[in-house]
Amino acid sequence: MIDSKSPIGIFDSGAGGLSVLREVRALLPNENLIYFGDQAHVPYGARPLTQIQKFSETIARFLLEQNSKIVVVACNTASAAALTHLRETFREAQFVGMEPAVKPAAETTRTGKVGVLATPATFQGALYASVVERFASDVELFQDVCEGLVQEIERGNLRGEETRRILYSALRPMLEENIDAVVLGCTHYPFVIPLIKEIAGDKVRVIDPAPAVAKQVKRLLEAGERLNKNPQSGQIRFITSGAANAFQSNLRTLLDVEAKVETALWRGDDKLIQSA
Ligand code: DGL
């Protein structure tokens, strides 16, 4: 039975969705959370959309079996590839997904030029095309896939040479075109905001959609009368399909959190088995 104590399920290809978990936590501290990072398959970004859809379906089923009252697809790539499919497959469940925050950028740009950083799969998906068509028809967009950046962030390299090189080569051509906003279209990227700001300077606004996603989760739970009001609540379970100790180190580097990590391992593409 789903009730207010049931957890909010959150998933990503790896540790990137922790940037969304952080916002959900800050806004809804009483909520129990389950985070699943598919580190056995990270990165998703260059994979075929059909494969990402299959992984997402299996992870969503796994989180729903853990009694999640809502599932946050804290991954732009999985949202692009699978959000519609998830809503059609699990009709009783509620999903919140990510989409590149092109709308707020288009509304506020003064130069009419905006940079978007996301994965190849996100740029290929119908969701991005529809966001651009609806909100950015009179804005010039400059896109970059920041090849290798997700892996560097997974390794905990938030300021090192390679991370700096990738960001510099993504941002420099956009800055030369006079962009005044950068949209973070991948949930891993908020963890390198300090470096992005250092490279782009303070005239460029960096837009992270995670706070808006947390607000949307709150709105939906309020509307369904499923907000957890118990201040004694607020547990978080972290689960990875990769190595527990590697994810523990992600938690330390990215959130400054020490926590137990559980594992759930893949059997084919359509089953996740929890190990003790
Ligand atoms: N965090 C991801 C996103 O928001 C996935 C990146 C990847 O696995 O390539 O798109």
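When a ligand or atom number is given, it counts from 1 through the structure's own listing order.
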Q. When the ring planes of F90 and F95 are compared, do they come out parallel, tilted or perpendicular, using 30° and 60° as the limits?
A. tilted
A student checking ligand 1 against T119 at a 4.0 Å heavy-atom cut-off should list atoms 6 (C), 9 (O), 10 (O)
Counting heavy atoms under 4.0 Å, the part of T187 that contacts ligand 1 is both
shortest atom 7 (C) of ligand 1-to-protein heavy-atom contact is with Y44 N, 3.3 Å
Per-atom filter on ligand 1: closer than 4.0 angstrom to a heavy atom of P43 are 7 (C), 8 (O), 9 (O)
Atoms of ligand 1 under 4.0 Å from any heavy atom of G45, numbered from 1 in the order shown, are 7 (C), 8 (O), 9 (O)
contact_flag C75 ligand 1 heavy-atom lt 4.0 Å = yes
of all protein heavy atoms, closest to atom 5 (C) of ligand 1 is S13 OG, 3.3 Å
Practice task
Give a yes-or-no answer on whether the side chains of T119 and T77 include a donor-acceptor pair shorter than 3.5 Å.
Solution key: yes
Just checking, any donor-acceptor pair under 3.5 angstrom between side chains of S241 and Q39? no
query: Do any N/O atoms on D12 end up under 3.5 angstrom from N/O atoms on ligand 1?
result: yes
Nearest non-hydrogen protein atom to atom 6 (C) of ligand 1, with distance, is V150 CG2, 3.6 Å
Using a strict threshold of under 4.0 Å (side-chain N to carboxylate O), is an ion pair present between R164 and E161?
no
Do F36 and F62 have ring centroids that are under 6.0 Å from one another? yes
Honestly, for N76 the part within reach of ligand 1 (heavy atoms, under 4.0 Å) is both
- Should E65 and R61 count as an ion pair when the cut-off is N to O under 4.0 Å? no
Short N-O contact, R219 and E222, less than 4.0 angstrom: no
Residues E198 and Y168: side-chain donor-acceptor under 3.5 angstrom: no
Quick look: T77 vs ligand 1, heavy-atom contacts under 4.0 Å, and the answer is both
